[in-house]
Amino acid sequence: NAGVTQTPKFQVLKTGQSMTLQCAQDMNHEYMSWYRQDPGMGLRLIHYSVGAGITDQGEVPNGYNVSRSTTEDFPLRLLSAAPSQTSVYFCASRRDTLAYGYTFGSGTRLTVV
Amino acid sequence: GENVEQHPSTLSVQEGDSAVIKCTYSDSASNYFPWYKQELGKGPQLIIDIRSNVGEKKDQRIAVTLNKTAKHFSLHITETQPEDSAVYFCADSGTSGTYKYIFGTGTRLKVLA
């Protein structure tokens, strides 16, 4: 099993550009999330989905959109990139909404200049 | 709101010694507490978890203890090895119906050979 696959691994954007971070999982997990990781701030939840067609906001949703058309895919869209969005982004999935551990992807390091 | 405090932020131990990392949570109704290990350039990986109906759980050199009265839980690593060097995150599953995990800010553990 590949687990959780994120692409790209690295990306540099100019301020104002848009892009989509891809996330796919092959474990048939219902619950998927996007986190950003910044130095000294741990992992902060951006958006999450409890199943295909259902998404909701996390702690820091501004500037990001998500959709969940299939169980496998959960892309994260940056609408108009800002330097404050420079971060490492992690996609994670878990079996369902009950308390189980996450499987994380390997991350996307994004720099906005 | 809910939060998780994690201490210390950095920890250096001699190879073979023990390491202890502590997290304090705020919501007494929380019932699931996972620990993640993040190696450089990789995504966090679940290493052990504990549910609120038990006080301790062990897996070889790793153990987690939970004190519900004091609302804290700790990760214990015995006989530390250089490969234990990483950043460790605790998390609190929260009590909302969708279990939006709250992560601690991380502890950088260095095991000195």
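The sequence lines fix the lettering, A, B, ..., with proteins before strands; numbering per chain opens at 1.
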Which portion of B/Pro34 sits near chain A, non-hydrogen atoms under 4.5 angstrom: neither
Contact class of B/Gln6 relative to chain A, heavy atoms under 4.5 angstrom: neither
Flag side-chain contact, heavy atom, 4.5 Å: A/Gln37 against B/Gln38: yes
Beyond-backbone contact of B/Gln45 with A/Phe104, side-chain heavy atoms, under 4.5 angstrom: no
Cation-aromatic face contact A/Arg44/B/Phe89, 6.0 Å, 45 degrees: no
Side chain, backbone, both or neither of A/Gln6 within contact of chain B (heavy atoms, under 4.5 Å): neither
Chain B contact via A/Leu45 - side chain, backbone, both or neither, heavy atoms under 4.5 Å: side chain
Where B/Pro44 and A/Leu43 come nearest, the two heavy atoms and their spacing: CG-CD1, 4.1 Å
Tell me whether [X] shares a hydrophobic cluster with [Y], the cluster being built from Ile, Leu, Val, Met, Phe, Trp, Tyr side chains joined at under 4.5 Å.
X: B/Val111; Y: B/Trp35; value: yes
X: B/Phe33; Y: A/Tyr100; value: no
X: B/Val54; Y: B/Phe73; value: yes
X: A/Val88; Y: A/Leu21; value: no
X: A/Tyr31; Y: A/Phe90; value: yes

May I ask you to check whether over 12 heavy atoms, not counting those of [X], lie within 6.0 Å of atom [atom1]?
X: B/Gln60; atom1: CD; result: no
X: B/Arg108; atom1: CZ; result: no
X: B/Glu79; atom1: CD; result: no

Top contributor to chain A interface from B/Thr105, B/Asp49, B/Val87 [non-hydrogen pairs under 4.5 Å]: B/Thr105
Chain B contacts, top residue of A/Ser106, A/Pro39, A/Gly107, A/Ser33 (heavy-atom pairs, under 4.5 Å): A/Ser106
Check: B/Phe103 ring centre within less than 6.0 Å of A/Tyr35 ring centre: yes
B/Tyr36-A/Tyr102 aromatic ring centre distance below 6.0 Å: no
